[in-house]
Amino acid sequence: MEILEKRIRQDGELLPGNVLKVNSFLNHQIDPDLMFAIGQEFGKLFTGEKITKILTCEASGIAPALTTGLIFHVPVVFARKSKPSTLNKECYETEVFSYTKQVTNKINVDKKFLSKDDSVLIIDDFLANGEAVKGLINIAKKANSKVAGVGIVIEKTFQGGSKWIVDNGYHLESLARIANFDNNTVHFVGEE
Ligand code: 5GP
């Protein structure tokens with residue numbers, strides 16, 4: 001997605017450990033016009049898939065998930081990282097290792113929001129080793145929901161998560177695919 005790649009080049013900052021900081025438009029301050037364009041793009045890429053719900057993880061997945069939900073006119077469910085007192089024990093839960101924070105978190109979704117009748121589109125901001133997506137797939141499996149596809153805003157192709165998703169038969173669409181950060185520069189797939 002050209003406008004996204006342009007924005008990454010313009011505003012992205014490279015941090016140690018192959019972390020790309022994009023907090024001026026995605027991870028802290030959010031650009032709503034760009035998020036809307038992202039929702040529209042996922043709308044095109046997943047046309048034809050049966051989607052009853054969008055599933056993401058708090059916090060940074062919510063913005064692109066919301067605009068995608070707007071396009072498909074379906075509810076957006078985000079997995080929570082902590083169990084608030086209002087969320088009773090009736091939830092699907094799984095563990096996720098966080099790439100950026102290097103800690104394991106539990107994520108959970110209230111059982112009333114996912115069921116065997118759902119076909120979910122998983123959306124997330126970044127794909128690195130695939131732990132977050134695997135966690136969301138686990139939650140969907142626990143609910144006996146079908147996974148219609150996985151939509152990622154920024155994929156770091158060199159970190160293996162994308163290979164795992166495709167090898168396991170899921171329909172993966174990533175809007176920006178980063179091949180490497182050689183010479184401290186973002187190189188997208190196809191232009192290395
Ligand atoms: P994974 O679980 O695929 O290893 O990592 C995905 C999660 O880690 C994303 O949900 C995102 O929150 C975070 N993440 C991974 N790599 C990056 C990165 O380069 N930049 C930012 N901002 N977040 C990342």
Side-chain angles (χ1 to χ4, degrees), residues 1 3-4 22 25-28 30-84 86-87 90-96 98-99 105-128 130-156 161-162 164-166 168-177:
M1 187 181 176
I3 49 164
L4 175 63
V22 286
F25 63 90
L26 179 60
N27 291 137
H28 190 13
I30 296 171
D31 179 335
D33 290 308
L34 180 60
M35 289 309 122
F36 191 63
I38 283 170
Q40 287 176 312
E41 193 66 18
F42 282 135
K44 280 187 218 150
L45 294 168
F46 289 102
T47 300
E49 298 285 1
K50 183 187 171 220
I51 295 164
T52 64
K53 279 189 187 168
I54 308 295
L55 178 63
T56 189
C57 193
E58 69 174 355
S60 296
I62 296 176
L66 181 67
T67 55
T68 307
L70 206 53
I71 300 300
F72 284 102
H73 303 287
V74 295
V76 177
V77 180
F78 65 89
R80 297 188 184 219
K81 288 180 179 156
S82 62
K83 224 190 267 184
T86 49
L87 191 66
E90 292 299 301
C91 60
Y92 302 111
E93 192 171 64
T94 194
E95 286 191 343
V96 171
S98 163
Y99 177 80
N105 291 311
K106 277 188 180 160
I107 59 167
N108 60 76
V109 169
D110 192 311
K111 284 190 177 172
K112 73 179 174 206
F113 296 130
L114 286 180
S115 78
K116 63 173 179 41
D117 300 325
D118 282 313
S119 179
V120 300
L121 174 58
I122 292 173
I123 296 286
D124 206 6
D125 60 337
F126 270 89
L127 175 62
E131 297 301 319
V133 168
K134 283 180 201 170
L136 291 169
I137 290 174
N138 270 342
I139 294 257
K141 275 188 181 159
K142 286 183 185 203
N144 291 314
S145 303
K146 188 175 169 286
V147 176
V150 179
I152 298 293
V153 180
I154 303 173
E155 169 190 307
K156 293 186 291 181
S162 53
W164 184 91
I165 294 169
V166 172
N168 281 274
Y170 297 102
H171 176 186
L172 171 68
E173 297 285 355
S174 303
L175 304 187
R177 301 178 68 221

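If you're wondering where the values come from, they're calculated on a predicted model, not measured in any experiment.
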Within this structure, what is the CG-CG distance for the pair L45 and L172, rounded to the nearest 0.5 Å?
10.5 Å
Answer yes or no: is there a side-chain heavy-atom contact under 4.5 Å between Y170 and N168?
yes
Quick one: CZ on F126 to NZ on K156, what's the gap to the nearest 0.5 Å?
6.5 Å
Do K81 side-chain atoms and E58 backbone N/O form a donor-acceptor pair below 3.5 Å?
yes
How close do D125 and S60 get, counting heavy atoms only, and between which atoms?
OD2-CB, 3.1 Å
Work out which heavy atom in I107 is nearest to a heavy atom in C57; give both atom names and the distance.
CG2-SG, 3.9 Å
Side chain of T52, backbone of S119: donor and acceptor closer than 3.5 Å?
yes
Compare all side-chain heavy atoms of P64 with those of T56 and state whether any distance is below 4.5 angstrom.
no
On a heavy-atom basis, which atom in N108 and which in C91 lie closest, and how many Å separate them?
CB-SG, 3.9 Å
V76 vs I123 side-chain heavy atoms within contact, under 4.5 Å
no
So how far is it from L4 CG to L175 CG, rounded to the nearest 0.5 Å?
6.0 Å
Can you say whether the rings of H171 and F46 are parallel (under 30°), tilted (30 to 60°) or perpendicular (over 60°)?
tilted
Rounding to 0.5 Å, atoms CD1 (I152) and CG (D124) come to a distance of 5.5 Å
Find the distance between CD1 (I3) and CG (D33) and round it off to the nearest 0.5 Å.
9.0 Å
State whether the side chain of D110 and the backbone N or O of K112 hold a donor-acceptor pair below 3.5 Å, judged by distance alone.
yes
With a 4.5 Å heavy-atom cut-off, do I54 and F78 have their side chains touching?
no
F72 meets the ring-ring contact (aromatic ring centres under 6.0 Å, His included) criterion, sequence neighbours left out, with none
Non-hydrogen side-chain atoms of L127 and I165 separated by less than 4.5 Å
yes
To check you understand the geometry: which heavy-atom pair defines the closest contact between K53 and F113, and what is its length?
NZ-O, 2.7 Å
In terms of heavy-atom contacts, D31 and L34 come closest through OD1-N, 3.0 Å
For the atom pair NZ (K44) and CE (M1), what is the distance rounded to the nearest 0.5 Å?
8.0 Å
For T67 and M35, the nearest pair of non-hydrogen atoms, with its separation, is OG1-O, 2.7 Å
Given side chains that start at C-beta, do those of D118 and L55 come closer than 4.5 Å, heavy atoms only?
no
Electrostatic pair R177:E155 at N-O distance under 4.0 angstrom:
yes
Pairs of donor and acceptor atoms involving the side chains of residues 130-146, under 3.5 Å and at least two apart or interchain, shall be tabulated with distances.
| from | atom 1 | to | atom 2 | distance (Å) |
| --- | --- | --- | --- | --- |
| N138 | ND2 | T94 | OG1 | 3.4 |
| K142 | NZ | E93 | O | 2.6 |
| S145 | OG | S115 | O | 2.8 |

side-chain contact (heavy atoms from CB on, under 4.5 Å) evaluation trace for I154 with L26:
CA-CA 10 Å; I154 303 173; L26 179 60; 4.2 Å; yes
